[in-house]
Amino acid sequence: VTPSNASKLLARIGSGTKRIEVRTSPAGIEPYLHDEAVRSSDPAAAVLFPRSTEEVSRILKLASRFRVPVVPRGAGSGVAGSAVPGKGWIVLSLERMNRILAVDERDAVAVVEPGAITGEIRKAVEAKGLFYPPVPGSVDLCTIGGNVATNAGGLSAVKYGVTRPYVLGLEAVLAGGEVIQTGGRYLKHSTGYDLTQLIVGSEGTLAVITKIVLRLLPLPTERMTLLAPFPSLEDLTGAVLAILAERIVPPTLELVPRGAVRSVLARNPDISFPFPESEASLLIEVDGADLPSVERDVARLAPILERCGSPDPLVAFSPSQRERLWSLRKGIRDSIVACGPYVEADSVVPRSQLPELVRAGDACGARHGLETISYGHAGDGNLHTYFLKGTLLERSWKSASKKVLREYYERTVRLGGTISGEHGIGSLKRPYLPIALSGGEIQLMRGIKKAFDPYNLLNPGKLLP
Ligand SMILES: Cc1cc2nc3c(=O)[nH]c(=O)nc-3n(C[C@H](O)[C@H](O)[C@H](O)COP(=O)(O)OP(=O)(O)OC[C@H]3O[C@@H](n4cnc5c(N)ncnc54)[C@H](O)[C@@H]3O)c2cc1C
């Protein structure tokens with residue numbers, strides 16, 4: 001990209017009566033040069049803030065004409081580097097397109113713009129007795145467009161699944177500016193290739209999403225939270241498998257190991273955690289349409305937990321009690337990130353293999369002299385593993401951080417898993433994609449990319465190696 005490409009685009013964007021908001025100053029661009037894991041030192045040419053599909057289309061037409069790469073962006077809360085621009089690119093921020101256009105109770109769908117904050121959508125539909133289940137840990141921060149583009153998971157996937165099954169239709173703008181509509185306000189279809197689901201999880205590399213039709217469920221109004229300490233990871237995983245085998249399907253089964261607890265407590269003396277010495281704790285959330293059914297599930301959980309090594313779980317009923325049980329889990333990522341440089345993996349394996357995956361992380365970290373802290377979604381077999389630089393010298397860290405990830409991802413795949421459960425590939429995991437996918441699969445994906453974006457202008461260099 002030469003700077004002149006982008007300046008030709010910007011000259012055309014600025015002309016005309018309806019001006020799109022443009023930022024080109026270093027201070028204006030700076031907040032858009034990073035996500036939560038990657039910071040670019042290369043300046044983008046500009047950040048553009050369209051307010052309508054027509055404006056997105058206009059920008060992409062010009063980007064195609066002048067061959068300027070474009071990265072769509074939601075809230076920048078991603079942790080794979082996928083929303084980070086390269087030098088001379090345009091950042092297309094969807095944050096001004098943030099309206100909840102409709103919540104349709106009859107068809108149980110919501111129609112939203114991509115910049116709407118996921119937590120706001122959840123509140124808006126709950127006010128009408130409906131439920132949008134996916135709840136990433138960043139729910140009050142991230143946008144629904146970012147969730148769709150990464151196929152975000154989160155804290156309720158055991159029972160409700162991730163973002164994908166809730167996306168019924170999209171409006172999207174292709175790299176050349178053409179607007180397409182995929183799917184619609186219906187629950188199923190068998191009408192050709194499923195373009196909606198192809199765009200879900202495509203990390204801004206196939207199209208810019210400008211409208212989303214979301215599937216909604218009836219709102220479960222009652223909830224209880226349990227915290228169960230276990231003497232070992234095997235016992236905890238055994239409990240997860242036993243709970244599901246007994247046909248209790250809680251939305252949430254979260255793994256909180258001792259290392260993660262110590263990390264939070266070391267930095268947050270105000271947070272209390274009832275089981276700081278147990279090897280691992282399981283945070284369980286049970287929900288339902290009425291209190292008796294939730295109480296029934298909790299009563300059925302007790303003997304299972306006891307059998308699996310946790311006879312005295314804590315049970316929280318009120319929102320404030322529940323919040324207290326959640327507080328440590330919610331602080332884990334921040335406390336780890338505060339420890340200094342790290343690399344993070346987001347592996348997913350069959351849930352029965354979780355203890356093996358935790359041990360693989362510890363072993364890989366130890367081999368390179370790195371502290372390892374893991375936590376994650378036990379019910380999904382999805383583990384967030386952080387390898388910390390600690391006191392390692394910069395030069396050693398550079399090579400160790402790459403080697404440790406490669407070894408860990410190889411172990412993940414040998415355990416029957418894959419290298420991203422929910423955060424996506426972006427730029428960080430891109431070199432490792434061949435560990436998870438065959439050459440044939442990657443070629444097929446390249447062909448799909450080319451069909452959507454022949455000049456490779458939408459978020460180039462992300463996802464595909
Ligand atoms: C504290 C914390 C907790 C988190 N917890 C979770 C979790 O539980 N589960 C989980 O899955 N993730 C989690 N994340 C990661 C992150 O929040 C998700 O990946 C989220 O989906 C990103 O949304 P965003 O709006 O910030 O998107 P961004 O980071 O801005 O972008 C992410 C990707 O989406 C693309 N994109 C954004 N908008 C559009 C659009 N309109 N059209 C096309 N492409 C688009 C971007 O190009 C980029 O590739 C967490 C992050 C943090 C910081």
Side-chain angles (χ1 to χ4, degrees), residues 31-38 47 50 53 56 60 69-85 89-98 112-121 134-157 161-164 167 170-175 199-212 252 254 329-338 344 346 348 375-377 380 382-384 420-430 452-453 458-463:
Y32 297 86
L33 296 183
H34 63 86
D35 66 3
E36 288 291 328
V38 175
V47 186
T53 305
V56 173
L60 291 189
V70 173
V71 56
R73 185 179 174 99
S77 74
V79 288
S82 56
V84 178
W89 293 21
I90 296 293
V91 178
L92 189 63
S93 169
L94 279 308
E95 66 198 271
R96 305 274 190 273
M97 292 177 66
N98 59 0
V112 300
E113 290 187 325
I117 301 296
T118 308
E120 298 296 321
I121 296 172
V135 57
S138 51
V139 64
D140 294 322
L141 183 71
C142 60
T143 68
I144 190 72
N147 291 174
V148 173
T150 56
N151 188 25
L155 302 165
S156 66
V162 296
T163 301
R164 191 180 289 285
V167 185
L170 296 173
E171 178 188 81
V173 186
L174 301 180
I199 293 171
V200 175
S202 65
E203 299 184 42
T205 63
L206 297 185
V208 178
I209 299 158
T210 48
K211 217 173 272 172
I212 304 154
T252 305
E254 290 288 296
R329 165 62 183 86
K330 288 186 177 167
I332 295 176
R333 185 175 192 278
D334 284 351
S335 76
I336 298 173
V337 169
E344 184 214 350
D346 161 44
V348 60
Y375 68 98
H377 313 299
D380 310 336
N382 181 198
L383 196 69
H384 301 316
S420 176
E422 56 180 20
H423 292 160
I425 300 299
S427 55
L428 284 183
K429 299 192 195 86
R430 193 176 72 120
F452 270 83
D453 179 16
L458 279 179
N459 213 3
K462 307 289 172 58
L463 205 158

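Just so you know, ligand 1 is whichever comes first in the structure, and atom 1 is the first atom listed for that ligand. Since the structure is predicted, the reported quantities are computational estimates derived from the model, not experimental observations.
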Contact (N/O only, under 3.5 Å) between S77 and ligand 1: yes
Atoms in ligand 1 with a heavy atom of T150 nearer than 4.0 Å: 19 (O), 21 (O), 32 (C), 33 (C)
Validation row: H384, I336 side chains within 4.5 angstrom (heavy atoms): no
Min N/O separation R333 to ligand 1 under 3.5 Å: no
Close side-chain approach of T205 and F452, heavy atoms under 4.5 Å: no
Nearest non-hydrogen partners of V139 and I117, listed with the distance: O-CG2, 3.6 Å
Protein contact of atom 25 (O) of ligand 1 - nearest heavy atom, named by residue and atom, plus distance: T143 OG1, 2.7 Å
Pair T163, N147: side-chain N/O donor-acceptor within cut-off below 3.5 Å: no
Nearest heavy-atom neighbours spanning I209 and V148: CD1-CG1, 3.7 Å
Atoms of ligand 1 close to H423 [distance to a heavy atom under 4.0 angstrom, numbered from 1]: 10 (C), 12 (N), 13 (C)
Residue pair T150 / E422, side-chain heavy-atom distance below 4.5 Å: no
Short N or O distance, E203 and ligand 1, threshold 3.5 Å exclusive: yes
G76, P136, G201, P72: member with heavy atom nearest to atom 46 (C) of ligand 1: P72
Atom 35 (C) of ligand 1 [closest protein heavy-atom partner, distance rounded to 0.1 Å]: A149 CB, 3.4 Å
Minimum-distance protein heavy atom relative to atom 27 (O) of ligand 1: G146 CA, 3.5 Å
Between D346 and S420, a side-chain donor and acceptor under 3.5 Å: yes
Closest heavy-atom pair and its distance - L141, S77: CD2-CB, 3.8 Å
Closest protein heavy atom to atom 20 (C) of ligand 1, given as residue, atom name and distance to 0.1 Å: N147 ND2, 3.5 Å
Closest protein heavy atom to atom 29 (O) of ligand 1, given as residue, atom name and distance to 0.1 Å: G78 N, 2.9 Å
Lys/Arg-Asp/Glu bridge criterion (N-O < 4.0 Å) met for R329, E254: yes
Residue, atom name and distance, where the atom is the protein heavy atom closest to atom 48 (C) of ligand 1: S82 OG, 3.3 Å
M97 vs T53 side-chain heavy atoms within contact, under 4.5 Å: yes
Distance-only N or O hit between ligand 1 and A152, under 3.5 Å: no
Exercise: do E95 and S93 side chains pair donor with acceptor under 3.5 Å: yes
Proximal atoms of ligand 1 relative to G74 (non-hydrogen, under 4.0 Å): 25 (O), 28 (P), 30 (O), 37 (C), 38 (N)
Geometric N/O contact S138 with ligand 1, under 3.5 angstrom: yes
Shortest protein heavy-atom distance from atom 24 (P) of ligand 1, along with the residue and atom involved: A75 N, 3.5 Å
Closest approach of P134 to T118 (non-hydrogen atoms, all atoms of both residues): O-CG2, 4.3 Å
Atom 6 (C) of ligand 1: the protein heavy-atom neighbour that sits closest, reported with distance to 0.1 Å: G137 N, 3.6 Å
Close side-chain approach of L60 to V208, heavy-atom, < 4.5 Å: yes
Heavy-atom nearest option to atom 43 (C) of ligand 1, drawn from A207, S202, G145: A207
Ligand 1 atoms in contact with E36 (distance to a heavy atom under 4.0 Å): 53 (C)
Under 3.5 Å: N/O of G153 near N/O of ligand 1: yes
Non-hydrogen atom of N459 closer than 4.0 Å to ligand 1: yes
Sub-3.5 Å N/O-N/O distance, I209 and ligand 1: yes
Close N or O approach (R73, ligand 1; < 3.5 Å): no
Nearest-0.5 Å distance, CD of residue E36 to CD of residue E344: 11.0 Å
Residue L94 vicinity, atoms of ligand 1 by number, heavy atom under 4.0 Å: 41 (N)
